[in-house]
**Student:** 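This is the structure I have questions about; it appears just below.
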Amino acid sequence: MSYLADNNEGVQHLLLGNEAIARGALEAGVKVATGYPGTPSSEIMESLSKVAHGRNMYVEWSINEKLAMEVAAAGSFARLRSMCVMKQNGVNVGSDFLLHLALTGTREGMVIIACEDPGAHSSINEGEARMFAGMLEIPLLEPGDFQELKDMVKWAFDLSEEIRNLVMVRSVTRLSHGSGNVKFGKLPEIDTNVDAGFQCDGFILDPDKGAMISMPVNHFHGRLQEKLKKAREIFEDCLFNTYNGVEKPELLIITSSACNLYCKEAIALLGVEDRVGLLKLGTTWPLPPELIKKNLSRTDNIFIVEEVLPIMEGNIKVLAAEMAPEIGVKNFYGKNAGNLPTSGELNPDLVLDALKTILSVEYEDMPESYKKKAQAVALTGAPNRELTFCPGCPHRASFWSIHGALKLDGRKGFVCGDIGCYGLGVLPTGFSTIKALHAMGSGIGVASGFGKLRQFGMDQAVVAVCGDSTFFHAGINGLLNAVHHSSDVTFIVLDNGGTAMTGFQPHPGLTVNAMGDEVPGLDIAAICGSLGIRVEIGDPFDLKGTQETLTELIQDKKGVKVLILRKNCALSPERKNKKDYEMHIDEGICLGENCGCNRLCTRIFRCPGLVWDQERKTSRIDEAICAGCGVCVDICPAEAIKKKEAA
Amino acid sequence: MGNSPLPKEPYNIIITGVGGQGNVLLSKLLGNMLTRRGYIITIGETFGATQRGGSVMSHLRVSARSSWSPLIPKGRAHMVIALEPTEGIRVLANYGNPQVKILSNTRAIHPVGVIAGELQYPSIEEIRKSAHELASEVWFIDATDEALRLDNPVLGNTIMLGAFAGLNMLPLEKEDFREVILEMMPEDKLDINLKAYELGAEMLNRAVSGTA
Ligand code: SF4
Ligand code: SF4
């Protein structure tokens, strides 16, 4: 995507939403960009890292979001525009720092990009970073289409400089991972003589020359609220708040973000352009009261459309209550009135259904007879697809061994896990081995607690899993806690050589950084070893060896034991599209249903590359899918699965 | 660049398949080709966890006038391009209508539930029958099988794109395909992709002259 850094003002490109955000930051002349990978945000930093050297920027995948914010803040303090990118959960992780940063304020523009995942397509919660803007008392911008993703990110830097505080820009999956045509603006000159520096020798309360310290808190809190007030004034005339529709509509929709596009679609499909007005807000916190008043005065019926929690709805209602003596009492439609759900993502249909009821209009999405037929056919004709580890994934093999070792141990042992591809260990693809799944690093954290419950009679084996990137992000804290308190835990690091879930970003264990420069890699085994605990290293594809080691570790009940299972992800550049083995099934040996194994290979192991041939009644390798890892050879007790070194 | 009129405004395409098949790449190729012809494109998709063996869908909206929602409203698909045959059937329950058309790959990818024997996978005859029941026009081509002959199953996408171009529903030009590939991929991938693209159109012609 080298064209992202082309200086071709006015040219249109079809951009991924996240690329549009990256372009906006480039047009703003961002100098320091940091983040931690997380769907749906990762492509922003990936796009920037590709052009970092060319644009004289510093781009860093930090070890976690809190660090990312801290590094970005340093940039802002030293007179460099900086940006920090994460998914919704990342804002939680960094919020401790943010609460302080909001008070000290920033210098050169600093923008936080929070990409949220309503509907939790690739998350295990629905987050709500918007709440943080309220709690931190910082402005929140929500772009309403692809062009605005670029334009508003650029503007966010100006705003940040105007109020001397950080600004949050929120995107959602449907924008970040959608694509649309975006018209490029001008890129600033590449500035190679930047004179960065942190001035901190002035008077303590001087925002430009003093130290960055939030004491006395009273003073700084007051100053923070002044800044927010200033932002609110600016928002009154902000061009990203738009109204479309007749002067006095029957119903006013107030919306923001991707819902703007759903509302437009629903209005067009129902053909109610002359009855409904659409107020799209780009600045959703703090709300500009005069603008809201002017628009609420258009009609008595207001429909608020936003995703997940009714946050904007609450804020608008507060203003409406205060303004009631002037503008009258309004009828509200939205979440509280039950027109829209308070969980899950919205789409044009949900908005359309609500609108249809509010306006009493008829609309048929599909002819009833067709709908019935199509649903019936899909029920039998399209078998459900449960998520699964990729063919050749090291985690399938790891969980196979963990599951086996826990069974052998026989104490009803279980696994605590966290976020990453290996979280799929809750499903049959990981033999449903993970039984507790929470935040980054929580696997070892929760396990550290379980491992201390022996005195209360808890005798189950306690195992924690954690990926390599997660180890550095937050896993290491849980490990330190468990070691210090001699918790009886077996800690397995599933080291697949990168941040696989989000597209293989580098992490501190690797010798390359976001910009492709060489950096010192940190050795997980050496770190664990320095804690004076037992550390073993294994190859997950060696099923027998892994199971033996694990069984031993689980039964050695003295404190924390670590097993590092090392094998690159099947999609890693090292392994993708490279088969180690050519696989085939010896049909003369495979006894199918008649084998005493109960079809261990297909019924239990379930690699998508190994399928069951209904006609032949044997297993079969699907050559289009099999990654040629060779692991399944050791699954078949009859030795019917054969491998041959690939040429 | 002038915009030739579209069969529908906006023209709604769903590209569907299984995680790992390259849905995202195909929607990007198609979107970029049409952008070169001056159309306004909006694409919606999900990637991330769903790509691990789950059903994936890209919604592509082609318009001569404006951008649209990245999600197609229910019952409003005009064209379904299925990289996996049962996935084409699946999307019709939500997005189909009696006028919808389907271009489908024939190669099955068995869900793990089927591999495990918990679910049934329909025969290709049953899938064809379902498609004919629910769509106004249907084309099946052996894209992955042919791609395996070219030694790379992912080229199945390019074959499907070539076949779609061969349907002449939208102004998809080989020259645009060439330029877009050059923008998106290393140069050494060009020839094999052009070959696969042409193959797609040929296979479509065969599918049309036979009874698809
Ligand atoms: S991306 Fe890598 S780690 Fe994730 S499921 Fe696939 S092979 Fe496993
Ligand atoms: S060799 Fe076996 S386990 Fe490995 S990808 Fe192929 S079918 Fe799956």
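Proteins get letters first, then strands, A, B, ... in listed order; numbering begins at 1 in each. In what follows, every heavy atom counts, from backbone to side chain, and hydrogens, waters and symmetry copies are set aside.
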**Student:** Could you look at A/Asp349 and say if it's the side chain, the backbone, both or neither that has a heavy atom under 4.5 Å from chain B?
**Tutor:**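 The answer is the side chain of A/Asp349.
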
**Student:** Which pair of non-hydrogen atoms, one from B/Ile43 and one from A/Leu14, has the smallest distance, and what is that distance?
**Tutor:**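 Taking every non-hydrogen atom into account, CD1-CD2, 4.0 Å.
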
**Student:** Give, as side chain, backbone, both or neither, the part of A/Arg606 having an atom under 4.5 angstrom from any heavy atom of chain B.
**Tutor:**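 Both parts, heavy atoms under 4.5 Å.
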
**Student:** Measuring heavy-atom distances to chain B, does A/Leu350 have an atom under 4.5 Å in its side chain, in its backbone, in both, or in neither?
**Tutor:** neither

**Student:** Counting only heavy atoms closer than 4.5 Å, note whether A/Gln147 contacts chain B via side chain, backbone, both or neither.
**Tutor:** neither

**Student:** Flag the pair A/Arg385 / B/Glu84 as yes when at least one side-chain heavy-atom distance between them is below 4.5 Å, and no otherwise.
**Tutor:** yes

**Student:** Tell me, side chain or backbone of A/Leu269 under 4.5 Å from chain B's heavy atoms, or both, or neither?
**Tutor:**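 The side chain, not the backbone.
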
**Student:** Please rank A/Ala266, A/Ala624, A/Gly178 by heavy-atom pairs under 4.5 Å with chain B and give me the top one.
**Tutor:**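 The residue among A/Ala266, A/Ala624, A/Gly178 with the greatest pair count is A/Ala624.
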
**Student:** Under 4.5 Å heavy-atom distance to chain A, tell me which part of B/Thr42 shows up: side chain, backbone, both or neither.
**Tutor:** both

**Student:** Which atoms form the tightest heavy-atom contact between A/Tyr262 and B/Leu71, and what is the distance?
**Tutor:**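 Heavy-atom minimum between the residues: OH-CD1, 3.7 Å.
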
**Student:** Using non-hydrogen atoms and a 4.5 Å limit, figure out which bit of A/Pro367 sits close to chain B: side chain, backbone, both or neither.
**Tutor:**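 Side chain only.
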
**Student:** Heavy-atom distance under 4.5 Å to chain A: side chain of B/Ala108, backbone, both or neither?
**Tutor:** backbone

**Student:** Kindly determine whether A/Arg599 and B/Glu118 satisfy salt bridge (Lys or Arg N to Asp or Glu O under 4.0 Å), including the steps that lead there.
**Tutor:** CA-CA 12 Å; A/Arg599 271 175 55 196; B/Glu118 292 154 2; over 6 Å; no

**Student:** Compare all side-chain heavy atoms of A/Tyr370 with those of B/Leu92 and state whether any distance is below 4.5 angstrom.
**Tutor:**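 A/Tyr370 vs B/Leu92: side chains touch.
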
**Student:** By a 4.5 Å heavy-atom criterion (distance strictly below it), what part of B/Ile109 contacts chain A: side chain, backbone, both, or neither?
**Tutor:**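 For B/Ile109, heavy atoms of backbone and side chain both lie under 4.5 Å from chain A.
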
**Student:** Decide yes or no for A/Met366 and B/Arg76: does some side-chain heavy atom of the first lie under 4.5 Å from some side-chain heavy atom of the second?
**Tutor:**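 No, every pair of side-chain atoms sits at 4.5 Å or beyond.
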
**Student:** Please flag which part of A/Lys264 lies under 4.5 Å from any non-hydrogen atom of chain B: side chain, backbone, both or neither.
**Tutor:**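 Neither part.
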
**Student:** With only heavy atoms counted, which part of A/Phe146 is less than 4.5 Å from chain B, the side chain, the backbone, both or neither?
**Tutor:**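 For A/Phe146, the contact with chain B is made by the side chain alone.
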
**Student:** Between B/Arg107 and A/Asp622, is there a side-chain heavy-atom distance shorter than 4.5 Å?
**Tutor:** yes

**Student:** So for A/Cys607, is it side chain, backbone, both, or neither that comes closer than 4.5 Å to the heavy atoms of chain B?
**Tutor:**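 A/Cys607 touches chain B through backbone heavy atoms alone.
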
**Student:** Any non-hydrogen side-chain atom of A/Leu571 less than 4.5 Å from a side-chain atom of B/Arg52?
**Tutor:** yes

**Student:** Can you tell me which portion of B/Pro111 sits under 4.5 Å from chain A's heavy atoms? Options are side chain, backbone, both or neither.
**Tutor:**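 Contact with chain A: backbone and side chain both.
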
**Student:** So which part of B/Gln120 gets closer than 4.5 Å to some heavy atom of chain A, the side chain, the backbone, both or neither?
**Tutor:**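 Answer is both: backbone and side chain atoms of B/Gln120 are under 4.5 Å from chain A.
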
**Student:** Can you tell which part of A/Asn384 gets under 4.5 Å to a heavy atom of chain B, answering side chain, backbone, both or neither?
**Tutor:**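 Contact with chain B: backbone and side chain both.
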
